[in-house]
**Q** 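Structure below; questions to follow.
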2 protein chains.
Amino acid sequence: MAKTTKLETADSSTEEKIKEAASKVFTQKGFAATRTRDIAEEAGINLALLNYYFRSKEKLFDLVMMESLQKFMMGVKDILNDVNSSLTEKISLLASHYIDLLKANADLPLFILSEIRANPERLETKMGVKEMLLQSNFFKQLEATTKKTVDPVHFVMNIIGLIVFPFVASPMLMIIGDRSKTEFDALMEERKKMIPVWVDAMLKSS
Amino acid sequence: MAKTTKLETADSSTEEKIKEAASKVFTQKGFAATRTRDIAEEAGINLALLNYYFRSKEKLFDLVMMESLQKFMMGVKDILNDVNSSLTEKISLLASHYIDLLKANADLPLFILSEIRANPERLETKMGVKEMLLQSNFFKQLEATTKKTVDPVHFVMNIIGLIVFPFVASPMLMIIGDRSKTEFDALMEERKKMIPVWVDAMLKSS
DNA sequence: ATAATTTTTAATCATTTGATTAAATCAAAT
DNA sequence: ATTTGATTTAATCAAATGATTAAAAATTAT
């Protein structure tokens, strides 16, 4: 298991190559549809090597999923708890942050959501997402703004939906509007500015 | 292949039982993760019978997917092209229609979106969704309202997202808010009234 | 009732697939 | 140069899985 001697950077090590290949294939096809041979081929290595490094398909998947979730959550806590920014500014920051992230990892959300549904237990306990959100400055500001007229959870759903849904539905949207990936990305770029405006309007309407 | 003689209603025929079981299992686990044996067991029949009726897993899946898509599209065209209703009224009708549909079939959207991504070709040509939408009365009303300030496709995404996203993300939302299915459904019921209001506000803000 | 047809089953096949093993190769240490 | 340990490979295993087959059971027609 030691790879201490061979001269190689952390990024080009065989282990890392396999992990990256696994991330790519798992994200694209989901756990059930990916064969370990696909990952091996994508990584340019032998099948046995994959098991040598990661014991099993499941272990490798858990690792990839963990890192995907971290990637998805990383940086959000800081935005949510910034004391200097207004609610609208936070929404703007969230939109920018996630749209940039998702432009580079468009099928991350569908992958995560699919696999959570396929195996809810695996995530149940994971991370204090609930706490992080509910105790955040963001949520307090949101509660203050909605003034009990509407459950603030609606707006959490709305904001996440406005940001994430186009990426989840992009295969369908590309067909409907038959736009290229570039045009789609341009649309998403516009949304960075529009989403805060829209959410503001929604909040005032309630 | 003939089932014309035996006395059985269309709904309790073996063929129909298998189709329903297949729909249930496929929708829940996706194509790759479902084994034909699961479907057979769910339908309470033998494995060979499944192949006797439907030739193969793929054929059965195509059938189920086709019917899922029809279920999803059914009734929309009429709403989109109603000449008597305003844009807001159409949005209200769409929200009611889909929220009712999705309360009864909560994992339909994630199933459809996942399988489209896994196999985009299969849907490419299917149904004139694009035409149905773009030539609809609804879309004309939408274009008139947005007055070129913002690409109307944004609002198509927003409306679909506001309606559908909570169901796509429900596994995650249930964890975040740890609400029961009943509470979740109550929230969705509220959205029937709120979504038209929210979309109105968004449209006016642009 | 008997024959013919349809439906259902148990047993089995062939392929796929996750995993293992034993040997070969490679890099570093002595 | 040789030894040692890490890395990689080819070959193979065992289980899972989609599919088929041949026979039995049930149903309908004669």
Side-chain angles (χ1 to χ4, degrees), chain A residues 1-66 115 118-119 122, chain B residues 1-66 115 118-119 122:
Chain A
M1 187 69 69
K3 54 183 185 317
T4 45
T5 42
K6 276 197 178 173
L7 59 150
E8 44 191 20
T9 72
D11 290 342
S12 72
S13 74
T14 304
E15 193 174 346
E16 194 61 28
K17 261 194 336 195
I18 297 175
K19 242 165 60 179
E20 275 165 24
S23 175
K24 179 171 174 181
V25 181
F26 276 139
T27 305
Q28 215 166 277
K29 320 217 290 185
F31 177 80
T34 75
R35 295 166 301 151
T36 49
R37 282 166 174 81
D38 294 338
I39 298 175
E41 191 187 1
E42 175 75 33
I45 51 101
N46 186 287
L47 170 61
L49 200 50
L50 185 149
N51 288 289
Y52 168 74
Y53 276 113
F54 298 97
R55 277 284 292 169
S56 77
K57 181 187 179 185
E58 274 221 329
K59 292 252 173 62
L60 180 53
F61 177 81
D62 286 345
L63 209 84
V64 166
M65 174 55 82
M66 187 71 71
E115 298 299 336
N119 220 326
R122 215 192 305 232
Chain B
M1 189 68 70
K3 58 189 179 312
T4 45
T5 42
K6 275 197 177 173
L7 61 149
E8 43 189 19
T9 73
D11 290 344
S12 72
S13 75
T14 303
E15 193 174 345
E16 195 61 28
K17 261 192 337 194
I18 297 176
K19 242 165 60 178
E20 274 165 25
S23 175
K24 179 171 174 180
V25 181
F26 276 139
T27 305
Q28 215 166 280
K29 321 216 288 185
F31 177 80
T34 76
R35 295 166 302 148
T36 49
R37 281 165 174 82
D38 294 338
I39 298 175
E41 191 187 3
E42 176 74 32
I45 51 100
N46 186 287
L47 170 61
L49 200 49
L50 185 148
N51 289 287
Y52 168 73
Y53 277 113
F54 299 96
R55 277 281 294 168
S56 77
K57 182 187 178 185
E58 274 220 329
K59 292 253 174 60
L60 180 52
F61 177 80
D62 285 345
L63 209 84
V64 166
M65 174 56 83
M66 187 70 73
E115 298 299 338
N119 221 325
R122 214 191 307 233

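In this text the structure is predicted, and so the values were computed from the model without any measurement.
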**Q** Atom NZ of K17(B) and atom P of dT7(C): how far apart are they, to the nearest Å?
**A** 13 Å

**Q** Pairs of donor and acceptor atoms involving the side chains of residues 23-31 of chain A, under 3.5 Å and at least two apart or interchain, shall be tabulated with distances.
**A**
{"unit_1": "K24(A)", "atom_1": "NZ", "unit_2": "E42(A)", "atom_2": "OE2", "d": "3.1"}
{"unit_1": "T27(A)", "atom_1": "OG1", "unit_2": "S23(A)", "atom_2": "O", "d": "2.5"}
{"unit_1": "K29(A)", "atom_1": "NZ", "unit_2": "D38(A)", "atom_2": "OD2", "d": "3.3"}

**Q** Is T36(B) close enough to dT17(D) that one of its side-chain N or O atoms is under 4.0 Å from OP1 or OP2 there?
**A** no

**Q** So, is T14(B) close to the dT7(C) phosphate, meaning a side-chain N or O under 4.0 Å from OP1 or OP2?
**A**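 For dT7(C), neither OP1 nor OP2 has a side-chain N or O of T14(B) closer than 4.0 Å.
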
**Q** Starting from C1' on dT20(D), measure out to CG on L50(B) and report it in whole angstrom.
**A** 13 Å

**Q** Rounded to 10°, tell me the angle between the two end axes of the helix from dA1(C)-dT30(D) to dT30(C)-dA1(D), each built from five pairs.
**A**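 Rounded to the nearest 10 degrees, the bend comes out at 10°.
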
**Q** Atom pairs under 3.5 Å, N or O on each side, protein against nucleotides 9-16 of chain D: can you list them with distances?
**A**
{"unit_1": "dT9(D)", "atom_1": "OP2", "unit_2": "N46(A)", "atom_2": "N", "d": "3.1"}

**Q** Answer yes when E16(A) and K19(A) have at least one side-chain N-carboxylate O distance shorter than 4.0 Å, and no when they do not.
**A** yes

**Q** At what distance, to the nearest 0.5 angstrom, does OH of Y52(B) lie from CG of L47(B)?
**A**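 Answer rounded to 0.5 Å: 15.5 Å.
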
**Q** Find the distance between CG (N119(B)) and CD (E58(B)) and round it off to the nearest 0.5 Å.
**A**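 If we round to the nearest 0.5 Å, N119(B):CG and E58(B):CD are 7.5 Å apart.
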
**Q** Contact between T36(A) and L60(A) at the side-chain level, heavy atoms closer than 4.5 Å - yes or no?
**A**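 The answer is no, as the side chains (C-beta and beyond) never meet within the 4.5 Å cut-off.
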
**Q** Measure the distance from CG on N51(B) to P on dT7(C) and round it to the nearest whole Å.
**A**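 My rounded result for the distance is 16 Å.
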
**Q** Rounded to the nearest 0.5 Å, what separation is found between the CD1 atom of I45(A) and the OG1 atom of T14(A)?
**A**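 With rounding to 0.5 Å, CD1 (I45(A)) is 8.0 Å from OG1 (T14(A)).
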
**Q** Calculate, to the nearest 0.5 Å, the distance between atoms CD1 and CG belonging to I18(A) and L63(A) respectively.
**A** 11.5 Å

**Q** Rounded to whole Å, please give me the gap between CZ in F54(A) and C1' in dT8(D).
**A** 15 Å

**Q** Any non-hydrogen side-chain atom of I39(A) less than 4.5 Å from a side-chain atom of K57(A)?
**A** no

**Q** Quick one: NZ on K17(B) to CG on L50(B), what's the gap to the nearest 0.5 Å?
**A**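 One gets 12.5 Å once the value is rounded to the nearest 0.5 Å.
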
**Q** Give the rounded distance in Å between these two atoms: NZ of K59(B) and C1' of dA19(D).
**A** 12 Å

**Q** Which listed nucleotide (dT20(D), dA19(C), dT8(D)) is nearest to the side chain of S56(A)?
**A** dA19(C)

**Q** Between atom CD1 in I18(A) and atom C1' in dT8(D), what is the gap in whole Å?
**A** 10 Å

**Q** Please report the distance, rounded to the nearest Å, between CD1 in I39(B) and P in dG18(D).
**A** 8 Å

**Q** Write down the distance between NZ (K57(B)) and P (dT16(C)), rounded to a whole number of angstrom.
**A** 14 Å

